[in-house]
Amino acid sequence: FKVSVLEKSSLHPKPAGLVLQYGTAGFRTNAKQLDHIMFRMGLLATLRSRKTKATIGVMVTASHNPEEDNGVKLIDPMGEMLTATWEDFATQLANTEQKELLAALKDIINKEAINMKLEAEVFVGKDTRSSSASLSQAVLDGVHALGGQSKDYGLVTTPQLHYMVCCQNSHGQYGEATVEGYCSKLSQAFLALSKNASNRTDDQKHLFVDGANGIGAPKLREVESHLKKQLQISIFNDGSRGKLNHQCGADFVKVQQKPPTGVEISPGDRCCSFDGDADRIVYYYTDSRGFFHLLDGDKIATLISTFLKELLVQAGLDLKIAVVQTAYANGSSTRYLEDTMKVIVRCTKTGVKHLHHAAQEFDIGVYFEANGHGTVLFSKTAEEKVQLLAKSTNINDERKRAALLLQNTVNVINQTVGDAISDMLLIEAILAIKGMTVQQWDAIYSDLPNRQLKVTVSDRRVIETTDAERRAVSPAGLQEAIDGLVKKYKQARSFVRPSGTEDVVRVYAEADSQESADALAHEVSLAVHRLAGGVGAEPKPLH
Ligand code: 16G
Ligand code: MG
């Protein structure tokens with residue numbers, strides 16, 4: 001392989017001195033800096049495939065980042081995100097200067113005792129960015145340079161590629177590894193669930209979807225064609241005019257707490273927004289007074305876990321259900337889940353891989369970040385119990401109905417990773433079955449007002465956190481300062497953490513009123529600026 005790696009890598013040279021890190025969800029930066037990274041991730045995925053004797057996925061996308069950026073995420077055999085030890089290999093390989101590349105490869109091969117004679121297979125997908133075509137070609141070049149086989153899925157959502165990898169490695173047990181297979185599995189389950197909803201008007205079946213001008217829009221159209229009008233979707237920001245993620249998409253809507261541009265919505269209309277690679281979703285509506293209401297990942301987790309818990313009771317199944325959140329989860333959601341719903345709640349660090357792992361510890365693990373990334377995981381035991389009950393003939397109608405609903409719920413969910421399309425189908429099915437409006441869903445609990453801010457410091461790594469990022473252990477004095485500030489407000493909570501995707505420190509605050517949340521967030525930002533090496537002028541109050 002030496003000759004072909006040398007030859008091909010010279011077509012994808014690394015700019016000398018450039019250093020990039022494998023962040024929370026892979027490499028992500030301006031697309032112009034990424035050609036060599038893509039080639040090298042093609043190499044790494046091929047090694048990972050030989051190591052695991054399984055198909056590996058490489059997705060070219062920068063999710064909710066602006067159009068000029070791009071990025072890459074590696075997908076492990078069961079559709080999970082790349083395991084942590086290999087993230088370090090990814091960083092090493094990415095930052096090796098051109099002439100050391102072969103040595104760096106050999107180092108990984110030796111450390112992991114990889115048999116280079118084995119076959120390797122890599123699935124590649126990309127989002128709609130203009131840079132994605134040539135960057136995904138660079139990934140393919142990397143795979144071929146090491147003698148790996150490749151399958152190029154072209155334009156797919158991130159969760160679709162995760163799904164393909166899982167289907168392939170489970171030899172079809174999870175489904176068929178094609179976009180058609182994905183559409184038909186999800187839509188069949190959705191249609192079966194919808195049969196349990198009666199007398200719905202066309203109005204109630206109507207959903208407005210903001211595709212963030214990304215890959216989610218065309219992929220949703222493909223799914224929609226299987227839905228037999230049980231869901232009537234109007235897609236806007238479908239990429240035909242607007243710019244990717246610009247003033248639209250799940251991240252914009254969540255952070256700005258307002259509707260995306262590019263859409264005329266009327267009071268009460270049920271709307272949702274995907275992000276640029278369709279692995280996040282948030283819902284929203286405006287009321288008759290024109291106020292905007294956001295239903296974020298926490299509201300989604302509450303809706304889904306409540307639905308599942310009720311079905312478990314009806315089915316008479318004793319399965320342990322938990323909700324996994326991060327520190328960003330609204331305090332009201334945690335209180336509602338623990339005190340009213342009586343489900344177990346776990347808190348992990350930010351980043352899907354952390355939530356995913358925590359969710360795997362339960363029979364049913366519902367995980368969602370407040371920003372709308374999440375899914376549900378069913379343990380093998382849980383799935384078997386559901387299947388068995390759904391097949392059984394000597395149970396009463398109520399148990400049978402619940403078992404069938406659970407079975408179809410399992411099938412509509414993409415368990416490999418958060419999936420906007422799959423989450424949307426599940427949410428729509430639940431609302432339909434329960435005969436619930438978006439307002440009724442919203443009224444389950446009221447969010448505490450909150451505010452997120454960013455502070456620029458000279459080195460964000462001086463902030464170290466513990467307790468799932470809820471407390472800062474360094475720099476000295478910062479946590480004490482935050483504690484003192486929080487005491488001034490009612491129902492208040494605040495924490496700070498270094499971002500894993502941007503060179504900033506993030507500040508979160510919530511309290512009983514928006515004024516208090518804003519004031520607290522500002523005061524905590526000032527404390528960060530003063531104690532953690534703030535750069536530039538001190539943060540100004542919001543009001
Ligand atoms: C990445 C993560 C997302 C997390 C975000 C936090 C994945 C697939 N994505 O986008 O889960 O919420 O980073 O960003 O893991 P931050 O560290 O800049 O706040
Ligand atoms: Mg995304």
Side-chain angles (χ1 to χ4, degrees), residues 254-257 282 293-302 305 322-341 343-351 354-355 358 367-374 442 444-455 460 463-475 477-500 504-532 539 541-543:
K254 166 77 181 160
V255 176
Q256 304 293 323
Q257 307 207 18
V282 293
H293 297 260
L294 178 72
L295 294 98
D296 63 1
D298 304 332
K299 289 251 155 131
I300 296 174
T302 305
S305 57
V323 175
V324 184
Q325 308 184 311
T326 70
Y328 288 105
N330 195 277
S332 290
S333 74
T334 314
R335 202 164 313 123
Y336 177 82
L337 286 164
E338 284 181 335
D339 300 351
T340 309
M341 282 306 301
V343 299
I344 306 164
V345 179
R346 285 277 181 287
C347 184
T348 70
K349 289 200 274 189
T350 300
H354 303 297
L355 290 104
Y367 74 80
F368 269 88
E369 291 190 309
N371 64 25
H373 192 131
D442 192 31
I444 294 180
Y445 65 82
S446 303
D447 275 325
L448 282 172
N450 56 87
R451 179 65 64 194
Q452 291 192 44
L453 297 174
K454 306 180 194 185
V455 185
R460 70 192 198 278
I463 302 221
E464 288 177 89
T465 64
T466 182
D467 190 20
E469 305 178 323
R470 289 173 291 192
R471 297 189 66 78
V473 290
S474 75
L478 180 58
Q479 187 57 49
E480 289 72 18
I482 297 174
D483 289 342
L485 294 167
V486 165
K487 276 206 195 96
K488 293 169 43 187
Y489 300 94
K490 289 200 193 89
Q491 289 182 280
R493 188 168 70 88
S494 179
F495 67 91
V496 302
R497 54 175 281 278
S499 159
V504 295
V505 175
R506 296 202 194 282
V507 173
Y508 177 90
E510 64 183 31
D512 65 337
S513 71
Q514 192 62 54
E515 293 68 41
S516 298
D518 289 353
L520 177 58
H522 168 65
E523 288 164 9
V524 171
S525 300
L526 267 183
V528 170
H529 199 273
R530 288 176 189 160
L531 296 168
L542 282 107
H543 302 287

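What you are looking at is a predicted structure, and each value in this text was computed from that prediction instead of being measured.
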Item to complete: Please determine if Glu510 and Arg493 form a salt bridge, counting it only when a charged side-chain N lies under 4.0 Å from a carboxylate O.
Response: yes
Which residues share a side-chain contact (heavy atoms from CB on, under 4.5 Å) with [X], sequence neighbours left out:
| X | answer |
| --- | --- |
| Val504 | Lys454, Thr456, Ser499, Glu502, Arg506 |
| Asn371 | Arg280, Glu369, His373 |
| Ala492 | Val486, Tyr489, Ala511, Leu520 |
| Arg471 | Thr466, Asp467, Gln479, Asp483 |

Worksheet item: Can you name the residues that form a ring pair (Phe, Tyr, Trp, His ring centres under 6.0 Å) with Tyr367, not counting sequence neighbours?
Response: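 Listed in chain order: His356.
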Worksheet entry | Residues which pass ring pair (Phe, Tyr, Trp, His ring centres under 6.0 Å) with Tyr336, listed by chain and number, not counting sequence neighbours |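 Tyr336 satisfies ring pair (Phe, Tyr, Trp, His ring centres under 6.0 Å) with Tyr445 once adjacent residues are dropped.
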Nearest-0.5 Å distance that lies between atom [atom1] in [X] and atom [atom2] in [Y]:
| X | Y | atom1 | atom2 | value |
| --- | --- | --- | --- | --- |
| Glu480 | Leu485 | CD | CG | 11.5 Å |
| Ser513 | Gln491 | OG | CD | 10.0 Å |
| Asp442 | Thr302 | CG | OG1 | 11.0 Å |
| Gln257 | Asn450 | CD | CG | 5.5 Å |
| Lys254 | Asp296 | NZ | CG | 4.0 Å |

What heavy-atom pair brings [X] and [Y] nearest, and what distance separates the two atoms?
| X | Y | value |
| --- | --- | --- |
| Ser446 | Ser332 | O-OG, 2.7 Å |
| Val324 | Leu355 | O-CD2, 3.7 Å |
| Ala509 | Ala517 | CB-O, 3.7 Å |
| Ala521 | Val507 | O-CG1, 3.7 Å |
| Ala301 | Val323 | CB-CG1, 4.1 Å |
| Leu531 | Leu478 | CD1-CA, 3.7 Å |

For residues [X] and [Y], determine if any side-chain heavy atom of one lies less than 4.5 Å from a side-chain heavy atom of the other.
| X | Y | result |
| --- | --- | --- |
| Thr465 | Ile463 | yes |
| Tyr508 | Arg497 | no |
| Ser305 | Leu337 | yes |

Discussion item. So, using salt bridge (Lys or Arg N to Asp or Glu O under 4.0 Å) as the criterion, who are the partners of Asp298 when residues are at least two apart?
Written reply: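 With sequence neighbours excluded, Asp298 shows a salt bridge (Lys or Arg N to Asp or Glu O under 4.0 Å) to no residue whatsoever.
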Item to complete: Just jot down the salt bridge (Lys or Arg N to Asp or Glu O under 4.0 Å) partners of Asp447, sequence neighbours excluded, or say none.
Response: none
With sequence neighbours left out, write down each residue that passes side-chain hydrogen bond (donor to acceptor under 3.5 Å, both in side chains) with [X], or none if nothing qualifies.
| X | result |
| --- | --- |
| Thr348 | none |
| Arg335 | none |
| Thr340 | none |
| Ser333 | Gln325 |

Worksheet entry | Glu469 side-chain N/O to Thr350 backbone N/O, donor-acceptor pair under 3.5 Å |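 Looks like yes, one N/O pair under 3.5 Å.
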Worksheet entry | Residues Val496, Val455; criterion side-chain contact (heavy atoms from CB on, under 4.5 Å); working and verdict | CA-CA 10 Å; Val496 302; Val455 185; over 6 Å; no
Fill in: Option passing salt bridge (Lys or Arg N to Asp or Glu O under 4.0 Å) with Glu523 (candidates Arg530, Lys488, Lys487)
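It is Lys488; the other options fail the test.
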Worksheet item: With a cut-off of 6.0 Å (strictly less than), are more than 12 heavy atoms of other residues, nucleotides or ligands near CZ of Arg470?
Response: yes
